[in-house]
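All remarks here apply to the structure that follows.
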2 protein chains.
Amino acid sequence: MNVNFNNRDPVYLQIVRYFKEKIAIGELEPGQEIPSRRELANRMKVNPNTAQRAYKEMEEQGLIYTEKNHPSKITTDNKILGQVRTELLVEAVDQFVTSVRSINVPVEELLDLVKEKYTENSEKEV
Amino acid sequence: MNVNFNNRDPVYLQIVRYFKEKIAIGELEPGQEIPSRRELANRMKVNPNTAQRAYKEMEEQGLIYTEKNHPSKITTDNKILGQVRTELLVEAVDQFVTSVRSINVPVEELLDLVKEKYTENSEKEV
DNA sequence: ACAAGTGTATGAACTACTTAATACACACAC
DNA sequence: GTGTGTGTATTAAGTAGTTCATACACTTGT
């Protein structure tokens, strides 16, 4: 439950993102129970309302569901779950391409940069 | 002088970015005069103080210089100018790679996505 | 009954950023 | 000199979004 919050983006969105990543890589499975609002807040050292806000956001996106007086659980809707990875990917690529389009970079140079940066240090982290 | 401001980032930073892009692609040349604070504010429909803030930021970064009572000009320091493109590129790549690392994407899939998105519609825009 | 743990709701407080109103010093054109 | 256009500085107010404090309702275990 380690999250490195940056200062620019709202914390509750960073929490949402954290869960989406876990879902995308299969670390969170359909129907799996996630920490209660208060427990998450404790673990992540954020205000309980911030945790609530994050969960509310996830609920609205259909990522989790909540039964009365029980901690929320990851949705069992495989369609939604499958879309998470794609969504994160497409989002990142779109933003990257958009921000880089205006600089007129040859595509080969771009791909080389990405490849180098992406594979760099990949041994250490395994 | 068309800038599409987004709501998330401060306007003055988006203005700085706009100029950096123009510098990066060589559309703004060393020593070239840029609009006065008030004129820029008019054109971009922002408050003069916001324009001032952007120019101040650029001045601190050494991108522009200002002689008494004259509109600012692009720096003639080729070292700085050359770094702008690299800076924008590295920044974009870093952010992209960081945001995508957590999803465990095979490098080939990633490069394909970027390539496809980047070259898509490239005919229409020429 | 009671305590502890759920989710939920409401309104206030805080923060960063933007906008705004003015003011000042200077230079140049007329 | 007067007017206009530069850059610059100061201070206040407004705004949107986030975070926080607090309270409430419900369930379960004891």
Side-chain angles (χ1 to χ4, degrees), chain A residues 1 3-20 28 30-77 91 95, chain B residues 1-20 23 28 30-77:
Chain A
M1 193 70 55
V3 194
N4 295 324
F5 294 127
N6 67 58
N7 298 337
R8 291 214 71 75
D9 302 316
V11 172
Y12 77 94
L13 288 182
Q14 296 184 58
I15 294 176
V16 171
R17 159 120 198 150
Y18 172 83
F19 277 95
K20 283 187 177 177
L28 288 174
Q32 181 173 343
E33 189 172 276
I34 59 178
S36 78
R37 274 81 168 156
R38 290 177 176 83
E39 184 177 354
L40 185 83
N42 264 328
R43 290 205 215 166
M44 291 191 169
K45 311 295 181 194
V46 299
N47 188 281
N49 292 296
T50 304
Q52 159 64 4
R53 178 108 189 244
Y55 277 23
K56 188 181 178 188
E57 179 74 21
M58 289 196 279
E59 188 126 28
E60 285 170 358
Q61 293 186 26
L63 297 175
I64 63 175
Y65 64 97
T66 311
E67 291 161 342
K68 203 72 172 168
N69 297 309
H70 284 279
S72 303
K73 295 176 183 171
I74 303 294
T75 183
T76 55
D77 185 332
E91 212 170 76
Q95 185 186 329
Chain B
M1 193 72 52
N2 287 341
V3 194
N4 294 324
F5 294 128
N6 69 57
N7 297 337
R8 291 215 71 77
D9 302 316
V11 171
Y12 76 95
L13 288 181
Q14 295 184 58
I15 295 176
V16 171
R17 160 120 197 148
Y18 172 83
F19 278 95
K20 283 188 177 177
I23 290 175
L28 288 175
Q32 182 172 344
E33 190 172 273
I34 59 178
S36 78
R37 274 79 166 158
R38 290 176 176 86
E39 184 177 354
L40 186 81
N42 264 329
R43 291 204 213 166
M44 291 191 169
K45 310 296 181 195
V46 300
N47 189 280
N49 292 296
T50 305
Q52 159 65 5
R53 178 111 189 243
Y55 277 23
K56 188 180 179 188
E57 179 75 21
M58 289 195 278
E59 188 126 28
E60 283 170 359
Q61 293 186 26
L63 297 174
I64 63 176
Y65 66 97
T66 311
E67 292 162 341
K68 204 72 174 166
N69 297 308
H70 284 278
S72 301
K73 295 177 182 171
I74 302 296
T75 183
T76 55
D77 185 333

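Lettering follows sequence order; numbering is per chain, from 1. The structure displayed is predicted, hence computed values, not measured ones. We use all heavy atoms of the structure for the numbers below, so side chains are in, but hydrogens, waters and symmetry mates are not.
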Produce the list of close N/O pairs, under 3.5 Å, pairing protein atoms with atoms of nucleotides 27-30 of chain C; give distances to one decimal.
residue : atom : partner : partner atom : Å
C/dA27  : O4'  : B/Asn69 : ND2          : 3.1

- Message: I need the minimum non-hydrogen distance between B/Arg37 and B/Gln52, along with the two atoms involved.
- Response: NE-OE1, 3.0 Å
- Message: If you compare all heavy atoms of B/Thr76 against all heavy atoms of B/Pro30, which two are closest, and at what distance to 0.1 Å?
- Response: CA-CB, 3.9 Å
- Are side-chain N/O atoms of A/Gln61 and A/Glu57 paired as donor and acceptor at under 3.5 Å? yes
- Task: Shoot me the first and last contacting nucleotide of DNA chain D against chain B, ordered 5' to 3', at under 4.0 angstrom to non-hydrogen atoms.
- Result: D/dG5 to D/dT18
- Item | Nearest non-hydrogen partners of B/Pro71 and B/Ile34, listed with the distance | CB-O, 3.5 Å
- Message: By the 4.0 Å heavy-atom rule, please label A/Tyr12 as base, sugar-phosphate, or nothing.
- Response: sugar-phosphate
- Which pair of non-hydrogen atoms, one from B/Gln14 and one from B/Phe5, has the smallest distance, and what is that distance? OE1-CA, 3.1 Å
- Task: State whether B/Arg43 and B/Glu39 are salt-bridged, where the test is any N-O pair (Lys NZ or Arg NE/NH1/NH2 against Asp/Glu carboxylate O) under 4.0 Å.
- Result: yes
- Query: Can a side chain N or O of B/Asn47 be found less than 4.0 Å away from OP1 or OP2 on C/dT18?
  - Reply: no
- Message: Just by distance, no angles: are the side chains of A/Glu59 and A/Ser72 close enough, under 3.5 Å, to form a donor-acceptor pair?
- Response: no
- Message: Can you measure A/Gln52 atom CD to C/dG11 atom P for me and round it to whole angstrom units?
- Response: 16 Å
- B/Lys56 atom NZ is separated from C/dT18 atom C1', nearest whole Å, by 15 Å
- What is the minimum heavy-atom distance between A/Thr75 and A/Asp77, and which atoms define it? OG1-N, 3.0 Å
- If only side-chain N and O atoms of B/Thr50 are considered, is one of them under 4.0 Å from the OP1 or OP2 phosphate oxygen of C/dT19? yes
- Task: Rounded off to whole Å, could you give me the CZ-to-P distance for the A/Arg38 and C/dA9 pair?
- Result: 13 Å
- Task: Mind calculating the distance between CG (A/Leu40) and P (C/dT6) to the nearest angstrom?
- Result: 12 Å
- Query: Looking at A/Ile64 and A/Tyr55, what are the two nearest heavy atoms and their distance?
  - Reply: CD1-O, 3.5 Å
- A/Asn49 CG to C/dA13 C1', in whole Å, measures 12 Å
- Quick note, A/Arg8 side chain, CB onward, closest among C/dC17, C/dT18, C/dA20 is C/dC17
- Note on the structure: Rounded to whole Å, the CZ-P distance (B/Arg53 to C/dA20) equals 16 Å
